[in-house]
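One structure below.
These values consider heavy atoms only, across backbone and side chains, with no hydrogens, waters or symmetry-generated copies.
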Amino acid sequence: MEERYIPQDIEKKWQKYWHEKKLFEVTEDPTKKKYYLLEMFPYPSGKIHMGHVRNYSIGDVVARYKKMRGYNVLHPMGWDAFGMPAENAAIQNKTHPAKWTFGNIDYMKKQLKRMGFSYNWNREIASCHPGYYKWNQWFFLKMYDMGLAYRKKSSVNWCESCKTVLANEQVEAGLCWRCGTEVTQKELEQWFLKITQYAEELLKGCDDLADGWPEKVLTMQRNWIGKSYGAEVDFPVVDSDGVIRVYTTRQDTLYGATFMSLAPEHPLSKELSEGTPQEKEVLNFIAEVSKEDKIIRSAEDTEKKGVFTGRYAINPMTNQKIPIWVANFVLMEYGTGAVMAVPAHDQRDLDFARKYDVPVKVVIHPYEKALDEETMTEAFVEEGYLVNSGQFDGMNSVEALDKIGEYLEEKGIGKRTVNYRIRDWGVSRQRYWGTPIPIIYCDECGIVPVPYEQLPVILPVDIEFEVDGRSPLPEIESFLFTDCPICKRRAKRETDTLDTFVCSSWYFDRYTCPRYDESPLDEKAVNYWMPVNQYIGGIEHAILHLLYSRFFTMVLHDMGLLHVGEPYENLLTQGMVIKDGAKMAKSKGNVVDPNDIIEQYGADTTRLFILFASPPERDLDWSDQGVDGAFRFLNRVWRMVFGNLEKIKDISPYDDKIPIPDHLKNLRRKTHQTIKKVTDDIEERFHFNTAISAVMELVNTIYQIKTDDVKDPLSISVLREAIETVVLLLSPMVPHLSEELWEALGGSDSIITVPWPSYNEKVIQEDEIVIVIQINGKLRSRINVDASSSEEEIKETALNTPRIKELLKGNEIKKVISVPRKLINIVTG
RNA sequence: GCGAGAGUGGCGGAAUUGGCAGACGCACUGGACUUAGGAUCCAGCCCCUUAAAAUGGGGUGGGGGUUCAAGUCCCCCCUCUCGCACCA
């Protein structure tokens with residue numbers, strides 16, 4: 001036997017080789033089919049964790065496989081390098097965020113290289129580099145020019161721990177997505193990107209992505225966009241010229257509106273109650289509600305409260321006076337901030353009506369039961385027919401949606417409309433470590449964008465960090481003060497920075513031309529490579545990053561910078577790595593450090609275990625013993641190659657020219673079946689676990705071959721083909737070991753340059769097949785028949801099998817079902 | 001509450017189109033080799049019946065159904081995971 005398998009030595013050797021040969025560097029080549037494979041770029045938090053290893057191992061298999069299939073594969077890596085943790089670390093360790101970040105990048109890059117991932121490293125980008133964030137600023141200005149970036153004062157989500165504003169997408173169950181602190185509301189002037197303008201396009205795009213994206217992600221995005229069809233209706237206010245406009249999706253219930261609810265923030269809430277006996281009560285209520293946290297206030301189980309304004313509106317359908325209330329559950333941000341309340345057909349309104357003793361009026365009647373207005377406690381929300389609804393009485397309620405909508409338009413009372421739940425994306429962050437927003441405020445000229453030729457607005461790095469966590473930017477005079485580009489007078493810079501999600505919204509475009517300096521994107525490069533053919537990452541970005549980057553792609557498309565309208569053709573969301581039933585987390589003490597595993601077993605074993613333990617979209621249960629098993633298998637492969645090396649070294653693989661010796665037909669068939677299985681598993685399903693198990697079976701088959709059976713050159717060539725196939729099929733998953741074995745087998749070039757093996761459909765066919773014989777669906781026997789046997793012959797043989805004959809004695813055969821090449825089912829009476 | 005996904009041996013998982021349930025691996029048991037074994041090789045390993053077994057019976061969360069045939073399709077229920085959740 002040859003030397004032992006020592007992964008660490010081999011892996012170093014081949015990593016060096018790949019680097020020196022520049023094997024993973026690519027350029028646009030119109031003669032080759034391109035394939036852009038991308039994994040979500042990491043935040044340089046310190047070191048790689050198992051989730052990264054899983055994400056990138058999956059991606060690397062696909063990248064290497066596609067390369068062997070002849071594609072021009074772009075497989076880049078970079079760093080999502082702006083963000084809070086750098087600032088926290090800076091305060092804690094008395095260092096600078098940049099130093100901390102670049103230190104982490106250096107270390108993590110070494111770790112990724114140690115894993116042997118096939119990245120095109122000379123396309124590396126770090127979003128905190130001015131050469132990158134310059135273009136964030138450029139896009140921001142373009143969007144400002146296009147009216148897509150605007151500034152407004154509004155109530156925004158505030159995280160006290162991060163001391164910054166958060167986008168709606170970054171608030172999870174009322175908590176900050178990053179630190180878990182409870183989010184409160186603040187009134188602030190902020191910059192927004194008009195993602196709402198693309199709501200319809202983002203929604204429509206979901207349908208086109210249905211083939212390549214997980215249904216779950218699309219559903220989440222659709223829900224987030226939240227399109228609803230309804231109507232806006234004007235309710236005249238009694239003793240006033242004004243109207244209150246409401247949004248409803250249930251215009252069929254208009255006749256049942258017995259009161260109206262305004263959001264406390266609605267300007268009319270205060271205005272209407274002025275001078276009424278209820279004025280004080282209303283003002284108190286508004287003050288009380290505004291003190292409450294909005295997240296808690298808008299939770300479903302919060303008590304519904306309200307006050308009467310002392311004023312009335314007219315239901316435009318019934319011309320009846322209905323009281324106007326202010327209610328805590330009405331949201332100013334959704335619809336018009338005013339709701340027509342139909343207690344009989346909306347649970348919230350019913351609860352509210354019962355509590356404050358407002359009348360309930362049934363206008364939709366169920367087809368199969370009766371409702372009692374006086375006593376009902378459950379609102380009827382299903383389909384029914386209209387009652388108490390004037391000319392619409394008797395009409396089906398679904399039909400009435402349209403008919404009443406038409407009526408509203410005819411009468412000029414209202415109009416049918418669509419409404420979206422999605423809000424504009426607030427991108428201002430009161431943080432230091434981010435892209436400076438390229439805006440100047442001038443007392444004379446107002447809001448003035450920084451001229452394009454002055455980009456980038458450099459983030460000053462020569463600063464001290466205070467312990468209280470506030471951004472130091474507003475205190476740096478050399479940054480803060482500048483000349484107004486228009487009037488040249490002293491003016492102030494914006495000191496907020498852009499949300500880091502801006503960086504990740506277009507980084508995949510930049511990989512195609514990372515050093516291009518004339519504009520953000522080199523048209524030729526970006527349109528050669530885009531879209532990303534396969535994107536791989538965690539499900540936690542289902543809404544945030546995946547929605548923002550779709551939005552950016554559409555905007556860039558409209559700017560004329562991109563041909564594509566969607567960034568990612570296919571999306572794979574990989575599951576979490578868990579251990580002992582819980583996600584790996586420091587707090588749970590169940591973290592496995594990839595470094596330890598690599599040190600002990602090598603990168604190949606780490607990769608193999610991760611790929612073998614579970615299909616990618618499912619959670620992966622970490623098992624130390626499983627890693628042992630993966631290592632054992634690689635040793636087995638090693639011994640298989642070196643144990644046969646002397647014999648097979650100078651022999652070419654079997655080439656079909658001379659008939660195959662009978663005793664090796666099975667081996668050859670298994671070899672080709674395995675090629676097919678592994679190819680299909682990688683190509684169509686990303687099921688690497690079953691691909692690996694298939695290779696294991698082939699290895700087992702090779703081990704079962706008796707030495708005496710492979711003595712002549714022809715037999716040896718069949719063995720050579722089998723062994724070579726194992727090495728080739730494993731190479732995307734365990735690249736270092738495969739390179740070493742390939743070299744031993746006489747390969748002169750990197751295994752990644754070798755074409756992926758192909759299989760011969762004829763060889764896969766069995767000569768003899770097993771037919772299962774069932775009686776009444778129960779397995780009773782198996783027979784071997786010649787593969788060429790006809791259905792009739794098989795039936796005949798089956799019925800004449802002694803055991804079957806015995807079992808059938810005295811039973812009448814009603815029919816015989818035959819499934820070609822699989823089974824015979826005999827049905828008796 | 002709504003939406004999505006899942007539930008298969010001691011464990012991870014396989015069964016791709018309705019056609020032999022448990023591939024492959026881990027753990028475990030026995031044996032061989034051996035100075036040694038946490039190396040390697042061979043064998044066994046869903047449950048029941050059994051001295052042992054079978055081409056005996058049962059079995060894919062539970063109940064019902066469709067079918068010659070169901071882990072797979074349909075209906076009802078249970079459990080778990082994830083997402084959304086006063087959106088008018």
Side-chain angles (χ1 to χ4, degrees), chain A residues 1 4 172-173 214-220 222-224 226 228 230 246-250 253 257 261 263 297-302 304 327-331 333-342 345-349 351-352 419-421 539-540 542-543 575-576 609 612-615 617-630 632-633 635-636 639 677 680-681 684-685 687 689-697 699-700 703 770-782 801-804 806-807 814-828:
Chain A
M1 179 68 63
R4 265 184 353 122
E172 296 171 347
E215 188 53 40
K216 182 183 175 138
V217 175
L218 293 174
T219 305
M220 282 166 73
R222 286 191 185 107
N223 290 342
W224 186 261
S228 65
V246 302
Y247 172 73
T248 180
T249 55
R250 291 297 307 274
T253 65
S261 309
R297 186 186 131 199
S298 63
E300 194 176 355
D301 46 12
T302 300
K304 288 160 190 51
N328 64 343
F329 64 87
V330 181
L331 308 171
E333 308 82 47
Y334 187 77
T336 61
V339 186
M340 68 172 205
V342 186
H345 307 294
D346 182 286
Q347 193 58 45
R348 284 160 310 175
D349 295 344
D351 294 345
F352 196 87
N419 197 38
Y420 299 91
R421 219 183 71 113
I539 184 92
E540 66 273 16
I543 293 179
M576 287 184 304
F609 168 71
F612 181 59
S614 169
E617 65 275 12
R618 244 198 267 187
D619 285 349
L620 183 151
D621 206 355
W622 185 268
S623 150
D624 293 331
Q625 284 140 349
V627 181
D628 253 333
R632 221 155 29 213
F633 171 67
N635 273 287
R636 203 166 142 79
R639 288 193 308 272
K677 168 81 177 151
D680 289 352
D681 278 350
E684 281 161 33
R685 309 193 298 156
H687 279 200
N689 56 334
T690 48
I692 292 165
S693 71
V695 178
M696 285 172 169
E697 284 185 51
V699 171
N700 290 345
Y703 265 90
V770 178
I771 298 287
V772 167
I773 308 176
Q774 297 179 335
I775 296 176
N776 296 325
K778 284 204 188 303
L779 175 73
R780 285 295 179 245
S781 188
R782 289 189 183 89
T801 306
R803 179 176 154 73
I804 295 299
E806 175 72 24
L807 285 164
K814 264 171 66 181
K815 62 174 158 175
V816 179
I817 310 265
S818 166
V819 181
R821 307 182 64 84
K822 283 210 172 113
L823 66 80
I824 297 281
N825 189 11
I826 302 158
V827 186
T828 64

- line: B/S/- along nucleotides 40-46 of chain B (protein heavy atoms under 4.0 Å) is SS-----
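Aromatic pair F352(A)/F329(A): ring centres closer than 6.0 Å.
Remark: U50(B) base-pairs with no nucleotide; criterion is Watson-Crick or G-U wobble with both hydrogen-bond distances under 3.5 Å.
Judged by distance alone, with hydrogens and angles left aside, K822(A) brings no side-chain donor or acceptor close enough to the base of C20(B) to form a pair under 3.5 Å. Residue side chain K677(A) reaches the base of U16(B) through a donor-acceptor N/O pair under 3.5 Å, judged by distance alone. Between the side chain of R618(A) and the base of A6(B), no donor-acceptor pair of N or O atoms lies under 3.5 Å.
Between D349(A) and E684(A), the residue whose closest nucleotide on RNA chain B is further toward the 5' end is E684(A). With the nearest nucleotide of RNA chain B identified for both V827(A) and E215(A), E215(A) has the one nearer the 5' end.
For G56(B), one of the phosphate oxygens OP1 or OP2 lies less than 4.0 angstrom from a side-chain nitrogen or oxygen of R803(A). Close to A85(B), at under 4.0 Å from its OP1 or OP2, lies a side-chain N or O of R421(A).
Under the side chain to side chain donor-acceptor pair (under 3.5 Å) criterion, D619(A) pairs with no residue, sequence neighbours left out.
Counting only heavy atoms from C-beta on, M220(A) has its side chain closest to G83(B) among C24(B), G83(B), G19(B). Nearest nucleotide to the side chain of I817(A), out of G56(B), C68(B), G58(B): C68(B). Listed nucleotides: U55(B), C68(B), A23(B). Nearest to the side chain of E697(A): A23(B).
A salt bridge is absent between D628(A) and R632(A); no separation between the charged side-chain nitrogens and carboxylate oxygens falls under 4.0 Å.
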